[in-house]
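See below for the structure under consideration.
None of these values were measured; they are calculated from a predicted model.
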Amino acid sequence: MTIEEQVLEKLRDLPPEKQKEVLDFVDFLKERTARKAPRSLRGLWKDLNIHITEEDIAESAQTTKGLFSCRSFL
């Protein structure tokens, strides 16, 4: 008997309110697993129509270079 079959068999023996709890728990497990999946920033920004180039990153690095040096905290 597979795990799926075992779960279904045990699930069918439960009253409806307990079956709902099992369903909620499965949804929780799926959500928790999905959150752990690494995402690239490109995937997060895909729908925002944001385009950042290597030049943009280099310019930003030059602009902020002196702002966060160790000396500023001494």
Side-chain angles (χ1 to χ4, degrees):
M1 183 180 284
T2 67
I3 292 175
E4 181 179 354
E5 291 168 335
Q6 292 175 39
V7 169
L8 283 173
E9 183 178 295
K10 291 179 185 227
L11 181 66
R12 288 183 181 125
D13 290 338
L14 293 173
E17 63 273 1
K18 295 298 180 184
Q19 290 180 4
K20 174 70 170 108
E21 286 183 38
V22 171
L23 181 60
D24 290 343
F25 184 66
V26 169
D27 289 339
F28 164 76
L29 290 175
K30 286 177 65 175
E31 182 181 323
R32 186 175 72 178
T33 303
R35 276 190 266 146
K36 289 184 178 182
R39 300 183 200 170
S40 75
L41 292 179
R42 287 188 179 138
L44 293 173
W45 294 346
K46 180 175 61 175
D47 298 332
L48 299 177
N49 200 23
I50 296 173
H51 304 285
I52 299 174
T53 65
E54 294 287 331
E55 292 81 20
D56 293 334
I57 294 170
E59 181 181 338
S60 178
Q62 285 298 321
T63 304
T64 59
K65 187 176 183 179
L67 295 177
F68 300 105
S69 68
C70 292
R71 293 181 189 163
S72 63
F73 295 104
L74 297 177

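- To the nearest 0.5 Å, the span separating CZ on F25 from CZ on R32 amounts to 6.5 Å.
- Environment of CG in L29: crowded, with over 12 heavy atoms of neighbouring residues, nucleotides or ligands closer than 6.0 Å.
- Partners of E21 under the salt bridge (charged side-chain N to carboxylate O under 4.0 Å, His left out) rule, at least two apart in sequence or in another chain, are K18.
- Under the 3.5 Å distance criterion, the side-chain polar atoms of T63 are matched with a main-chain donor or acceptor of E59.
- T2 and E4 are not linked by any side-chain donor-acceptor pair at a separation below 3.5 angstrom, with hydrogens and angles left out of the test.
- With sequence neighbours excluded, the residues that form a side-chain contact (heavy atoms from CB on, under 4.5 Å) with K20 are D24.
- Atom CD of E5 sits about 9.0 Å away from atom CD of E9, to the nearest 0.5 Å.
- Between Q19 atom CD and L14 atom CG the span is 6.0 Å, to the nearest 0.5 Å.
- Hydrophobic cluster membership differs between L23 and F28, with clusters built from Ile, Leu, Val, Met, Phe, Trp and Tyr side chains linked at under 4.5 angstrom.
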